Every structure is written in C-alpha cells, then in structure tokens.
Amino acid sequence: MRYRLLIFDWDGTLMDSLGRIVTCMQAAGRDIGWELTSDQVRDIIGLGLPEAIARLCPGIEADRAEALKQRYAHYFVECDQPPMAFYPGVSHGMQQLHRDGRLRLAVATGKSRRGLDRAFRESGTGAWFHASRTADETRSKPHPRMLEELLAELDVPVEEALMVGDTEYDMEMARALGMDRAAVTYGVHSPERLAASTPVFIAHSFPGLMEWLTT
C-alpha cells in the first residue's frame, strides 16, 4: 500500500445515492415553487447543503432557502424509499482495506453529521473509519479544511494520504493541499471534468480502484 491514509467521499463514491438526492431535491424545489433539473442537482452533489442551495437557486431569500433545506431533509429521511446500496465492489473492498492494520480510513463528505451518522448506522459501516468530517462541522468542499483536520487528527503527513472522490470538488480540495487524489467516474462528474484536476489515477469501477491501490 502506497498510502497510510485513504480519505473517501461518500455519495457517488461509496454509496449509490445520487438518484435519491436528485429526486428529493427536485421534490423539495417544487414545494417552494423553484423548478430544478436533474442536471442542476447532480452538479452540486458533494457540496454542503447551504452552498448547494446557493448555487442551485441564485438570489434565493434566506427564509425560502431554509424551507428548501427542510423539505429536502424531509424527503430524504422520512419518505418511504428503498434502502440505498454501495456501488459494486465497495463492501468487499472496504472490508479488505479495514483489515489492513497499517492503514487509516476516513470520510470527507458534503453530508451533514446527522446524515453521515445515519448512513453509518443504516449500512453498519461506521467501524470501517478512523475519522470523518462533514460539511456542517467545518468548511464545505472545495475548501481543503476538512482534509487538513483529518490529517491533523490522524497524524498523517499530506504526502502519505490519498483523497478518493467522484467530483471536481473532491479533486480540487485535495489539490489545494498538494494531496494525491484518485477520481472515480461512475459518480457525478464526467471523466473529462475530473481529469482537469490532474488526479494520480482515474478508476471506472471500485474494483479497479482497489486493484490500483493494492498492486
């Protein structure tokens, strides 16, 4: 293993949650009278919710933005929807990485702490990770603060860490620190958009990422 710390994005990298995010945000938008296309919503996945709303709805009033946030949370959490699944190969691969006692694993996500903890509980995977940061307890991507905090907490130098994500926000966050970054193309952003951030590796599947990491 060429790294001591692997930091993963969650939505679009580990968990196949993009469809639910898009559906719930569009429903929330309709509730407040703001139509959102699926492409618009997909483009902001990975940002913290306030930053995502500001980009989705330029000039939105504060009370309307809060209403959109609350309606999105309602649809995402409380409505009857099928359980979300990990992408193919993620469960097996992450268990393999977790068993490597030399390695530290972390999450850096645009989700809220409440949302990430719920995802950990529902998937039974919180024990995989040694640390995590969410957008509501630090700066949202692409600002690198959540990576800085994870490096400090786990006492790993930046040159021994890798950020894995599916958006340019993940890649730019890592690039701001000079951290190596690996992109996965099965999530939100296109391979061309990811390549602009000069990742050290581009994976088209999680097993492909695992093969690169472990050989």
Side-chain angles (χ1 to χ4, degrees), residues 1 3-21 24 45-50 52 69 72-141 143-156 160-167 169-170 173-174 179 181-182 184 186-188 203 205-207 209-210 213-214:
M1 177 65 64
Y3 300 102
R4 286 178 52 208
L5 171 60
L6 302 179
I7 305 172
F8 294 90
D9 171 57
W10 189 265
D11 296 307
T13 299
L14 298 180
M15 181 157 280
D16 186 3
S17 49
L18 306 185
R20 182 182 291 191
I21 292 171
C24 293
I45 293 174
L47 298 175
L49 192 52
K69 177 181 175 181
Y72 171 75
H74 165 76
Y75 284 116
F76 195 89
V77 176
E78 297 180 21
C79 290
D80 182 26
Q81 302 198 44
M84 292 176 290
F86 288 118
Y87 287 102
V90 167
S91 184
H92 176 76
M94 292 300 298
Q95 290 179 63
Q96 179 182 342
L97 295 173
H98 177 62
R99 288 193 295 267
D100 187 339
R102 303 163 297 173
L103 189 60
R104 294 291 178 265
L105 304 176
V107 171
T109 178
K111 299 179 85 66
S112 67
R113 170 53 59 188
R114 181 183 177 189
L116 181 62
D117 286 347
R118 183 186 308 111
F120 282 164
R121 289 194 306 272
E122 291 177 353
S123 62
T125 59
W128 286 351
F129 302 101
H130 298 87
S132 59
R133 285 296 184 281
T134 61
D136 62 338
E137 59 192 9
T138 184
R139 294 285 297 273
S140 173
K141 303 171 187 180
H143 194 283
R145 184 171 296 170
M146 64 173 68
L147 297 184
E148 293 173 327
E149 293 176 356
L150 288 168
L151 291 172
E153 179 177 344
L154 298 173
D155 193 24
V156 176
E160 296 182 15
L162 177 77
M163 176 68 207
V164 181
D166 68 306
T167 70
Y169 314 126
D170 301 309
M173 176 174 65
M179 181 185 291
R181 49 216 171 266
V184 298
Y186 51 78
V188 174
S205 67
F206 199 84
L209 174 70
M210 285 294 300
L213 283 171
T214 57

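Along the sequence shown, the residues carry numbers beginning at 1. Here the structure is a predicted model, which means the values were calculated and not measured.
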Is it the case that the side chains of Arg113 and Ser132 hold a donor-acceptor pair, with the cut-off being a distance below 3.5 Å and no angle test?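 Ser132 vs Arg113: donor-acceptor pair found between side chains.
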Smallest separation among heavy atoms of [X] and [Y], with atom names:
X: Ala131; Y: Glu153; answer: CB-OE2, 3.6 Å
X: Ser140; Y: Gly48; answer: OG-N, 2.9 Å
X: Gly110; Y: Ala135; answer: O-CB, 3.6 Å
X: Ala119; Y: Ser123; answer: O-OG, 2.6 Å
X: Val156; Y: Arg4; answer: CG2-NH2, 3.9 Å
X: Ala161; Y: Leu151; answer: CB-CD2, 3.7 Å

Check the pair Asp9, Leu14 against side-chain contact (heavy atoms from CB on, under 4.5 Å), reporting the backbone distance first and the verdict last. CA-CA 7 Å; Asp9 171 57; Leu14 298 180; over 6 Å; no
Donor-acceptor check, side chain of [X] to backbone of [Y], threshold 3.5 angstrom: yes or no?
X: Tyr75; Y: Arg20; result: no
X: Arg181; Y: Met179; result: yes
X: His130; Y: Leu105; result: yes
X: Thr167; Y: Gly46; result: no
X: Ser112; Y: Gly115; result: yes

Looking at residues at least two apart in the chain, or sitting in another chain, which of them share a side-chain hydrogen bond (donor to acceptor under 3.5 Å, both in side chains) with Tyr169?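 Counting only residues at least two positions away or on another chain, Tyr169 forms a side-chain hydrogen bond (donor to acceptor under 3.5 Å, both in side chains) with Arg55.
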Would you indicate whether the side-chain heavy atoms of Val107 and Phe120 approach each other to under 4.5 Å?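 Result yes, sub-4.5 Å side-chain heavy-atom pair found.
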Is there a side-chain contact between Trp10 and Leu116, using heavy atoms and a 4.5 Å cut-off?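 Trp10 vs Leu116: side chains touch.
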Are the charged groups of Asp170 and Lys141 less than 4.0 angstrom apart, N to O?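 Salt bridge between Asp170 and Lys141, a charged N being under 4.0 Å from a carboxylate O: yes.
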Lys/Arg N to Asp/Glu carboxylate O, Asp136 vs Arg114, below 4.0 Å: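 Result for this pair is no, no salt bridge flagged.
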Might you work through the side-chain contact (heavy atoms from CB on, under 4.5 Å) test for Ile7 and Leu147, ending with a clear yes or no? CA-CA 8 Å; Ile7 305 172; Leu147 297 184; 3.8 Å; yes
Atom pair [atom1] ([X]) and [atom2] ([Y]), whose distance is rounded to the nearest 0.5 Å:
X: Glu149; Y: Leu154; atom1: CD; atom2: CG; result: 11.5 Å
X: Arg104; Y: Leu150; atom1: CZ; atom2: CG; result: 13.5 Å
X: Met163; Y: Leu5; atom1: CE; atom2: CG; result: 10.0 Å
X: Met173; Y: Met146; atom1: CE; atom2: CE; result: 6.0 Å
X: Leu209; Y: Thr13; atom1: CG; atom2: OG1; result: 9.5 Å

Students often mix this up, so state it plainly: with edges at 30° and 60°, are the rings of Phe129 and Phe8 parallel, tilted or perpendicular?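 Perpendicular, since the angle between the ring planes exceeds 60°.
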Tell me which donor-acceptor pairs under 3.5 Å the side chains of residues 85-97 have, and how far apart each pair is, sequence neighbours excluded?
residue	atom	partner	partner atom	Å
Ser91	OG	Gln95	NE2	3.0
Gln95	NE2	Ser91	O	3.2

Phe76 vs Ile21, side-chain contact (heavy atoms from CB on, under 4.5 Å): CA-CA, chis, key distance, verdict: CA-CA 7 Å; Phe76 195 89; Ile21 292 171; 3.8 Å; yes
Verify side-chain contact (heavy atoms from CB on, under 4.5 Å) between Leu213 and Leu6, making sure each step is shown before the conclusion. CA-CA 10 Å; Leu213 283 171; Leu6 302 179; 4.0 Å; yes
